[in-house]
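Every value quoted in this text rests on a predicted model; they were computed, and no experiment measured them. All ligand and atom numbering here is 1-based and tracks the order in the structure.
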Amino acid sequence: MALSDKIQKLKKEKKAVILAHNYQRPEIQDIADYVGDSIELSRKANEEQDAEIILFSAVDFMAESAAILNPNKKVLLPCLGARCPMAQMLTVDEIKRAKKQYPKAPVVVYVNTLASCKAECDICCTSANAVEVIKSLEADTILFGPDKNLAEYVSEKTGKKLIPIPANGFCPTHLLFQPEDVKVLKMQHPEAVTLAHPECSSEMRKTADFVGSTSKMCRYAKESSAKDFIVGTEEGILHRLRKENPTKNFWLIYEGAVCPNMKLTTLDKLYTALKEEKNVVKVPEAVAKKARASLDRMFEV
Ligand code: 13P
Ligand code: SF4
């Protein structure tokens, strides 16, 4: 029996649901029950009333959010080493230091953070809803971490002052995109529409016709009448874009834009984690309770 069939069989037996991020390997996206961006997957994790196990094929912070939102379910991360380096860039100490310096400023953290930081903030956001979350706050000066590029993007969109914590948090994969590479692709495909993730640098975002989260990019590509697209996010998204739009063309701005952590999960690891019900993601209840409140405030917005 093929490994993917074994996973499907086991999944039914164990009442498991497989959630996969848009950057996962093609073979994993193909067997997943849901493929999406971080907020969609958090919502799905929340909605899956009948599932007993959530097999979260992504990186640490996404599975942690699922565990926080689903204290009664078993959340498994197929590869425990799949950790987002940007999420590691913000610490609780850093938040406390910033709060001391700007006591009146609310703290907003991107979901790409550890649970302990979510527990310390006023509200969370994702790249799909960051603008709305910031607009929902009365304050004009806001502490925001860990992605400095997302902070800049949201500041441009809302006119509010976002103070980045730490001073220079970033995604190493999205920093690989350069405007020069867009220029070359534009010369080859002059009609192409450029899509960029808000984690890209401001120079890169300026070259884009559309800036949005991974799922917003997918929606945009589907609804657009354009046939050619230049893509500024992790390469895994190409699988979904091509699958959903077989008559359209997609070019990655830089072929090496691979998030090594997202690629650590393989079908093999997924199968073993499910079979042995191992790599259970647990968040201490005291932290989870506060982090859940920050996530719930985001869902209300
Ligand atoms: P999305 O929420 O847009 O999927 O982004 C998550 C992420 O890790 C981007 O690098
Ligand atoms: Fe983290 Fe960047 Fe990988 Fe997204 S692409 S999981 S932000 S390192």
Heavy-atom contacts with [X] under 4.0 Å: which atoms of ligand 2 show up? List them by number with element.
X: Met86; answer: 7 (S)
X: Glu199; answer: 2 (Fe), 7 (S)
X: Pro85; answer: 8 (S)

Could you tell me whether Asp33 and Lys44 make a salt bridge, using a distance below 4.0 angstrom between a side-chain N and a carboxylate O?
->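 Salt bridge between Asp33 and Lys44, a charged N being under 4.0 Å from a carboxylate O: no.
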Taking only Lys NZ, Arg NE, NH1 and NH2, and the carboxylate oxygens of Asp or Glu, determine whether Glu64 and Lys118 approach each other closer than 4.0 Å.
->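 The answer is no: the pair does not qualify as a salt bridge.
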At a non-hydrogen distance cut-off of under 4.0 Å, which region of [X] contacts ligand 1 (side chain, backbone, both, or neither)?
X: Glu199; answer: side chain
X: Asp37; answer: both
X: Ser127; answer: side chain
X: Lys216; answer: neither
X: Asn112; answer: side chain
X: His197; answer: side chain

Ring centroid separation for Tyr254 and Phe177, is it under 6.0 angstrom?
-> no
Looking at [atom], what's its closest protein heavy atom, distance included?
atom: atom 2 (Fe) of ligand 2; result: Cys171 SG, 2.3 Å
atom: atom 4 (Fe) of ligand 2; result: Tyr23 CE1, 4.0 Å
atom: atom 3 (Fe) of ligand 2; result: Cys259 SG, 2.4 Å

Glu199 versus Tyr153, side-chain donor and acceptor atoms under 3.5 Å | no
Polar proximity ligand 1 side, Ser38 side, N/O cut 3.5 Å exclusive |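 N/O-N/O distance below 3.5 Å exists for this pair.
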Got an N/O contact under 3.5 Å between His21 and ligand 1?
-> yes
Consider only side-chain heavy atoms of I, L, V, M, F, W and Y, link residues closer than 4.5 Å, and tell whether Val108 and Phe61 are in one cluster.
-> yes
Spacing of Leu162 atom CG and Ile134 atom CD1 [to the nearest 0.5 Å] | 4.5 Å
Straight-line distance of Leu274 CG to Leu10 CG, nearest 0.5 Å = 4.0 Å
Would you say His174 touches ligand 1, if touching means a heavy atom closer than 4.0 Å?
->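 The answer is yes: ligand 1 sits under 4.0 Å from a heavy atom of His174.
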So does Cys84 have any N/O/S atom less than 2.8 Å away from atom 1 (Fe) of ligand 2?
->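 Looking at Cys84, which is the residue asked about, there is an N, O or S atom under 2.8 Å from atom 1 (Fe) of ligand 2.
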side-chain hydrogen bond (donor to acceptor under 3.5 Å, both in side chains) partner of Asn22, chosen from Ser38, Ser213, Ser215 =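 Exactly one option meets the side-chain hydrogen bond (donor to acceptor under 3.5 Å, both in side chains) with Asn22, and it is Ser215.
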Sub-4.0 Å heavy-atom approach of Asn112 to ligand 2 = yes
For Thr141 and Pro106, which heavy atoms make the closest approach, and how far apart are they?
-> O-CD, 3.5 Å
